[in-house]
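First comes the structure, then the notes that go with it.
Atoms within each ligand, like the ligands themselves, are counted from 1 in listed order.
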Amino acid sequence: MADAAEVLLRLDGVAVTDPLDGVELVHPISFTVRRGAVLGIVGESGSGKTLTCRAVLGILPDRLQVSAGTIELFGRDTATLSAKEWTAWRGTRIGAVFQDPGSYLNPSIRVGPQVAEVLRVKAGLGRRDARRRAVELLGAVRLPDPDFVYQQYPHELSGGMLQRVLIASAIALEPEVLIADEATTALDVTVQAEILDLLIELKERIGLALIVVAHDLAVVAQLCDEVLVMRDGEVVEHGTCDQVLGAPQHPYTRLLISEHHQYGLDRFRSGVAPRTEVLDRV
Ligand SMILES: Nc1ncnc2c1ncn2[C@@H]1O[C@H](COP(=O)(O)OP(=O)(O)O)[C@@H](O)[C@H]1O
Ligand SMILES: [Mg+2]
């Protein structure tokens, strides 16, 4: 590719280890994410998807460590970033939405002001502009009656609504890289499709690069350029979406596809003839 887009994120042989027992939870993993690209990560629960995302964000839990390899973000080795540099980047250049929305919002503050605060602190907007923009963002993630939702406390909203508030907050500053770790899993199918459309629109408008961790292969098929399939902390398959979903090489990928086939995976795969012969072999 002569005019390949700029590399925003590069993992080279990154492993995550629990130093207490020396267990390697994520085995050396390498991938690249370019501006405007969408990478999907799929795999069963416990396969290392979230730890990989957290390693990228520099927020591994407790004692876990990146024990091998390098993570390069915006051309910088993240191991050399100071806490101050991380704070400046998180939320502005790189954002994330995880699957448990409740734990990321302050229960005693109304949700709208929490989004507005991000705009005030990190984008320097005045109080009134921050409020207006926050309401716009709540509307953009398809929350009904955003003015009303703005005034509600987290406990007054459903899980799906909270998840949308977090997505609004994560995209507020139009980051260059957004990690969505099962971010839409809890939402119903229609809302999920709307949020994914919104992310695609952002990708096209601001060149957002996305890492989408999903249980649902249909989401990946709809959205991603490239797919990583993980199992037991290891990448078992990595290729373009069409390669991985259309002509899976690894038995585990075929198993995942066959599990999803009954839900109508093929209707999400535009421009690719259904490869039923592959699925039939599983
Ligand atoms: N804080 C932690 N301490 C020790 N082990 C952990 C911790 N978090 C996750 N793990 C283990 O690491 C593995 C990968 O977890 P995770 O990345 O959360 O999987 P996934 O997101 O694919 O479901 C699992 O075996 C999990 O039990
Ligand atoms: Mg996870």
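Contact between Val14 and Thr70 at its shortest, heavy atoms only, is CG2-O, 3.3 Å.
With contacts defined as side-chain heavy-atom distances shorter than 4.5 Å, the pair Val227/His238 does not qualify.
Here Glu176 pairs with Arg35 in a salt bridge; the nearest charged N to carboxylate O distance falls below 4.0 Å. Salt bridge Glu85/Arg76: present, at least one basic N to carboxylate O contact under 4.0 Å. Residues Arg63 and Asp18 are paired through a salt bridge, judged by an N-O separation under 4.0 Å between the basic side chain and the carboxylate.
If you number the atoms of ligand 1 from 1 as listed, the ones under 4.0 Å from a heavy atom of Thr50 come out as 17 (O), 18 (O), 20 (P), 21 (O). Short contacts between ligand 1 and Ser47, defined as distances under 4.0 Å to a heavy atom of the residue, involve ligand atoms 19 (O), 20 (P), 22 (O). Listed by number with element, the atoms of ligand 1 under 4.0 Å from a non-hydrogen atom of Pro61 are 1 (N). Those atoms of ligand 1 that come under 4.0 Å of a heavy atom in Ser45, given as number and element, are 23 (O).
Contacts of Leu64 with ligand 1, taken as heavy-atom pairs under 4.0 Å, involve the side chain alone. At a heavy-atom distance under 4.0 Å, only side-chain atoms of Asp62, from C-beta outward, approach ligand 1.
Closest to atom 22 (O) of ligand 1 among all protein heavy atoms lies Lys49 NZ, 2.8 Å. Looking from atom 20 (P) of ligand 1 to the surrounding protein, the closest heavy atom is Gly46 N, 3.5 Å.
Here atom 11 (C) of ligand 1 lies nearest to Leu25 when heavy atoms of Val213, Val23, Leu25 are compared.
Note on Val7 and Ile29: separate hydrophobic clusters, where clusters join Ile, Leu, Val, Met, Phe, Trp and Tyr whose side-chain heavy atoms are under 4.5 Å apart, directly or indirectly. Both Ile206 and Leu9 belong to a single network of hydrophobic side chains, linked directly or stepwise wherever heavy atoms of I, L, V, M, F, W or Y lie under 4.5 Å apart. Both Val26 and Val23 sit in one connected hydrophobic cluster of ILVMFWY residues. Membership requires side-chain heavy atoms under 4.5 Å apart, directly or through other members. Phe148 and Leu157 are assigned to two separate hydrophobic clusters, defined by single-linkage of ILVMFWY side chains at heavy-atom distances under 4.5 Å. The hydrophobic clustering, which links ILVMFWY residues whose side-chain heavy atoms are closer than 4.5 Å, places Leu137 and Ile109 apart.
Cation-pi check for Arg93 over Phe74 is met; the charged atom lies under 6.0 angstrom from the ring centroid and within 45 degrees of its normal. Judged by a 6.0 Å distance limit and a 45° cone about the ring axis, Arg131 is positioned over the six-membered ring of Tyr150.
Under a 4.0 angstrom heavy-atom cut-off, Gly43 registers as lying outside contact with ligand 1.
The set of protein atoms (N, O or S) found at less than 2.8 Å from the Mg ion (ligand 2) reads Thr50 OG1, by chain and number.
The presence of a protein heavy atom under 4.0 Å from atom 26 (C) of ligand 1 is ruled out.
Considering backbone and side-chain atoms alike, Leu51 places an N or O below 3.5 Å from some N or O of ligand 1. Taking distance alone, with nitrogen or oxygen atoms compared against 3.5 Å, Thr52 stays at or beyond that limit from ligand 1.
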